[in-house]
Amino acid sequence: MNHAEALRAEIARAARTLGAPDDIAPVIERPRDVTHGDWATNVAMTLAKSLGQKPRDLANALLAAMQFDSVGVASAEVAGPGFINFRLDPGFLARGLLPMLADPESWGKLDIGHGARVVVEFVSANPTGPLHVGHGRQAALGDAISTLLEWSGWKVDREFYYNDAGVQIANLALSTQARVRESVGDPVEIPEGGYHGEYIREIAQGYIANHIADAGGEDLDALREFAVAALRHEQDLDLQAFGVKFDTYYLESSLYTDGRVDKTVEALRASGHTFEEDGALFLRTTTFGDDKDRVMKKSAAKGGDYTYFVPDVAYHVTKWERGYHRAINVQGADHHSTITRVRAGLRALSMGIPEGYPDYVLHQMVTVMKGGEEMKISKRAGSYVTVRDLIDEVGRDAVRFFYLMRRGDSQLVFDIDLARSQSEENPVYYVQMAHARMCGIFRVGEIDASTITAQGVDLSVLSEPAEVELIKQLLDFPSVVRGAAEQLEPHRVAAWLMETARTAHTWYHKHHVLGEPEAITQARLVLARAAQIGLSSGLRLLGLSSPERM
RNA sequence: GCGCCAGUAGCUCAGGUGGAUAGAGCGGCAGCCUUCUAAGCUGCGGGUCGGGGGUUCGAGUCCCUCCUGGCGCGCCA
């Protein structure tokens, strides 16, 4: 139990002696204004009505009923309409740092998942082109969400779903074929809905070099296979450059070859939730909250194919059957209409899959500005900025941080020129610099930071305001991780990092560690070590490096 | 027309699941390197939290409504 939980428990105990219900869960929070103390509670105001007392009177009674010593409270007072402000003993507060020094690796980790399995699906780009900046946002977001879940006790698998079947792949093969033929002098005929990017030309060259017998590009199967393999390889390189690793790759095509799509359609038919109209097969998704029923299988006149959401349903059945009773999909907001459809399909199957399965984390669109103009992202037209372009421009850490420092549901404008010109002013350097400075203390002092313990050190000398602020900030980390994991919002960790870096820089500037009286130096080395651990923990959680010098 | 997401300082955005006088970065201005990294620190200026109602001790946060922007609403994926 940390000091905040201990304080909350003591407030609850005192409140019960005054007649509060047994299940009372007092809220404590860090006041914005430091003159309001280290912690504040509004419990007297929330209880006032039910106990029939004035908030301030109740607050005073609570104070009288509380035992301060056991929870490290040095002083407390009633303020405003009925807040109770608590001031903690500095030494007591600082001792909260002990666990992180004893075990830096596990600091900030919790067990709310109890080892249950969860699959996080993200990126899932069609193998029809390199990864663009929108995929980059997903890669950063999905990877960070996965790590957050790991830190909070879940057994996480990162999964990439390859849409390697269907119309777009056929167009890819035809586009490649056109470029192959172009190279032997035939006129170029990029098909309707085909891909015009320069990379198709490169793939065509590769195909020609590897398929001497098919110089005319007649073998469409071979073309498709070659192009998909080449683009998957490209995407792998992009992800590698970004430092994202997947545990599983699931191929849409396998859903067809192993009969799962047909099986799913049969099951849906048997469920009674389908009907035929105009020669097409429909799923009655309106039964499950959709605003219109959706076609599952096109009419013969339109080709008789399944629409995209049928394999999607089959795919999510495999997630459930593979033992993932929690699934999270990270997708662009332009896919939000699929949510209702996929969930409707899963519920129509009556397999016991719950209503909210799978979870979706939608992120808003990324727009790219270059030279003051918006660049339209279009794989088909071949104009876009790739993830690798960004990494080459500003570096992996900066790109990741840039993606993660804002909430997923705000639109992101990626200004290429700005990212380049600000590469030295990017907030990520600010955070990493704070870490490097802590490392610098140990380097100059010729001290192995990992040997620092609080054994025999009087931490009560860490009483300067800048020190108390830094300690409190560091102690916040576990609850930030918890909130970020529960809400699937990695940007909270980024915000915590920037705030922690700020307090660390201020402390570093105001107070010297080395060369002070022995007792001061010893205590401050403990704090420097704690800040080093804290910053590198947050950076690690977001997939960023923690340089020891810059 | 319907659904989802947004609208907070000049710009880009934070504001745990209602709390006290709404914050940061960038940009602007003025200072700080003989001591652990100046990729830093300190100070100043900057606000109708899109508009209007409501809920309550208290609203940037919750409810209603309107305005603006983005994304969806295919027998496309």
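Below, chain A is the first sequence line, B the second, and so on; all start at residue 1.
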Rounded distance in Å - OH (A:Tyr429) to P (B:C26): 15 Å
Can you work out whether A:Ala165 or A:Met365 has the more 5'-proximal nearest nucleotide on RNA chain B? A:Met365
With rounding to the closest Å, how many angstrom separate the C1' atoms on B:G7 and B:G47? 15 Å
Taking atom types as they are modelled, would you say the side chain of A:His335 forms a donor-acceptor pair with the base of B:G72 within the 3.5 Å cutoff? no
Heavy atoms under 4.0 Å, any strand shown: does A:Ser299 hit a base, just sugar-phosphate, or nothing? base
With a cut-off of under 6.0 Å to the ring centre and 45° to the axis, is A:Arg284 in cation-pi contact with A:Phe288? no
Can you check the distance between B:C44 and B:G27, where both ends of the measurement are the C1' atom (answer in whole Å)? 15 Å
Can you list the residues that meet the side chain to side chain contact (heavy atoms under 4.5 Å, CB included) rule with A:Ala20, with sequence neighbours excluded? A:Ala15, A:Ile24, A:Leu47
Within the structure shown, what part of the strands sits under 4.0 Å from A:Gln487 by heavy-atom distance: base, sugar-phosphate, or nothing? base
With a non-hydrogen cut-off below 4.0 angstrom, is A:Asp293 in contact with a base, only sugar-phosphate, or nothing? nothing
Describe the nucleic acid contact of A:Ala528 in one word from base, sugar-phosphate, nothing, applying a heavy-atom distance below 4.0 Å. nothing
pi-stack flag for A:Tyr430 and B:A39, centroid dist under 5.5 Å, interplanar under 30°: no
Expressed as a whole number of angstroms, how long is the span from A:Arg294:CZ to B:G72:C1'? 10 Å
Measure from the side chain of A:Ser337, starting at C-beta and using heavy atoms only, and say which of B:U17, B:G72, B:U37 lies closest. B:G72
When the P atoms of B:A22 and B:C64 are compared, how many Å lie between them, rounded to an integer? 27 Å
Does the side-chain ring of A:His505 sit on the six-membered ring of the B:C41 base, less than 5.5 Å centre to centre and under 30° in tilt? no
Would you check if the distance from the ring center of A:Tyr403 to the ring center of A:Phe414 is below 6.0 Å? yes
A:Tyr508 atom OH is separated from B:C33 atom P, nearest whole Å, by 16 Å
B:C36 C1' sits how many Å from A:Glu548 CD, rounded? 15 Å
For A:Ala484, report the nucleic acid contact type (base, sugar-phosphate, nothing); a contact means any heavy atom under 4.0 Å. nothing
Spacing of the P atoms in B:G43 and B:A6 (rounded, Å): 34 Å
Please confirm whether the backbone N or O of A:Ala449 pairs with a side-chain atom of A:Arg529, one donor and one acceptor, at under 3.5 Å? yes
Which part of the nucleic acid does A:His511 contact within heavy-atom distance under 4.0 Å: base, sugar-phosphate only, or nothing? base
Take the protein atom NE2 of A:His509 and the nucleotide atom C1' of B:U37, then report the distance between them rounded to whole Å. 12 Å
Rounded at 0.5 Å granularity, tell me how far CH2 in A:Trp151 sits from CZ in A:Arg482. 15.5 Å
Distance check, P atoms only: B:U35 and B:A39, in whole angstrom units. 14 Å
P spacing across the pair B:G50 / B:G10, given as an integer number of angstrom: 13 Å
Looking at every strand, decide which applies to A:Gly440 at a 4.0 Å heavy-atom threshold: base, sugar-phosphate, or nothing. sugar-phosphate
Measure from the side chain of A:Glu29, starting at C-beta and using heavy atoms only, and say which of B:G40, B:A20, B:G19 lies closest. B:G19
Between A:Phe282 and A:Arg294, is there a cation-pi geometry (under 6.0 Å to ring centre, at most 45° from the normal)? no
Just compare B:C75, B:G3, B:G70 and give me whichever is closest to any side-chain atom of A:His336. B:G3
Is there, by distance only and without an angle test, a donor paired with an acceptor across the side chain of A:Asn42 and the base of B:G19 below 3.5 Å? yes
Select base, sugar-phosphate, or nothing to describe what A:Asp278 touches, counting heavy atoms under 4.0 Å on all strands. base
Output yes when a side-chain donor or acceptor of A:Ser545 lies under 3.5 Å from a complementary backbone atom of A:Pro547, and no otherwise. no
Given the side-chain rings of A:Tyr360 and A:His336, with only the six-membered ring counted for Trp, is the space between their centroids under 6.0 Å? no
NE2 (A:His511) and CG (A:Leu527) are apart, to the nearest 0.5 Å, by 10.0 Å
Enter the distance from A:Leu541:CG to A:Thr147:OG1 here, rounded to the nearest 0.5 Å. 6.5 Å
Supply the atom-to-atom distance A:Gln138 CD to A:Ile145 CD1, rounded to the nearest 0.5 angstrom. 10.0 Å
How long is the span from the CG atom in A:Leu514 to the CG atom in A:Leu525, to the nearest 0.5 Å? 6.0 Å
A correct dot-bracket answer for RNA chain B, with pairs being Watson-Crick or G-U at under 3.5 Å, [ ] for crossing pairs and | for inter-strand pairs, is (((((((..((((.....[...)))).(((((.......))))).....(((((..]....))))))))))))....
Can you tell me whether the base of B:C33 sits syn or anti, using the 90° cut around 0 to define syn? syn
Classify the nucleic acid contact of A:Gln331 as base, sugar-phosphate or nothing, counting any heavy atom under 4.0 Å across all strands shown. nothing
Candidate nucleotides B:C36, B:C5, B:A77, ranked by approach to the side chain of A:Thr307 - the nearest: B:A77
Round to a whole Å and report the spacing from CZ of A:Arg502 to P of B:C26. 12 Å
For A:Lys298 and for A:Asp334, locate the closest nucleotide of RNA chain B by heavy-atom distance; then report the residue assigned to the nucleotide nearer the 5' terminus. A:Asp334
Pick the P atom in B:G52 and in B:C67, then give their distance to the nearest Å. 15 Å
One character per nucleotide, please: for nucleotides 6-15 of chain B, 5' to 3', B when the base has a protein heavy atom closer than 4.0 Å, S when only the sugar-phosphate does, - otherwise. S-----SSSS
Any chance the rings of A:Tyr250 and A:Phe160 have centres within less than 6.0 Å? no
Distance check needed: B:A39 C1' versus A:Gln432 CD, whole Å only. 10 Å
Between C1' of B:A39 and CZ of A:Arg549, the distance in whole Å: 15 Å
Under 4.0 Å, counting only non-hydrogen atoms across every strand here, what does A:Val444 touch: a base, just sugar-phosphate, or nothing? sugar-phosphate
Looking across every strand, which nucleic acid part, if any, lies under 4.0 Å from A:Ala333 by heavy atom: base, sugar-phosphate, or nothing? sugar-phosphate
Look only at the side chain of A:Asp397 and the backbone of A:Leu544, and say whether a donor-acceptor pair between them is shorter than 3.5 Å. no
For B:G16, glycosidic torsion class - syn if within 90° of 0, otherwise anti: syn
Can you tell me how far P in B:G25 sits from the matching atom in B:G45, rounded to whole Å? 15 Å
Selection from B:A20, B:G70, B:C36 that lies nearest to any side-chain heavy atom of A:Ile441: B:C36
Counting heavy atoms from C-beta on, name the nucleotide in B:C57, B:C75, B:G72 closest to the side chain of A:Met45. B:C57
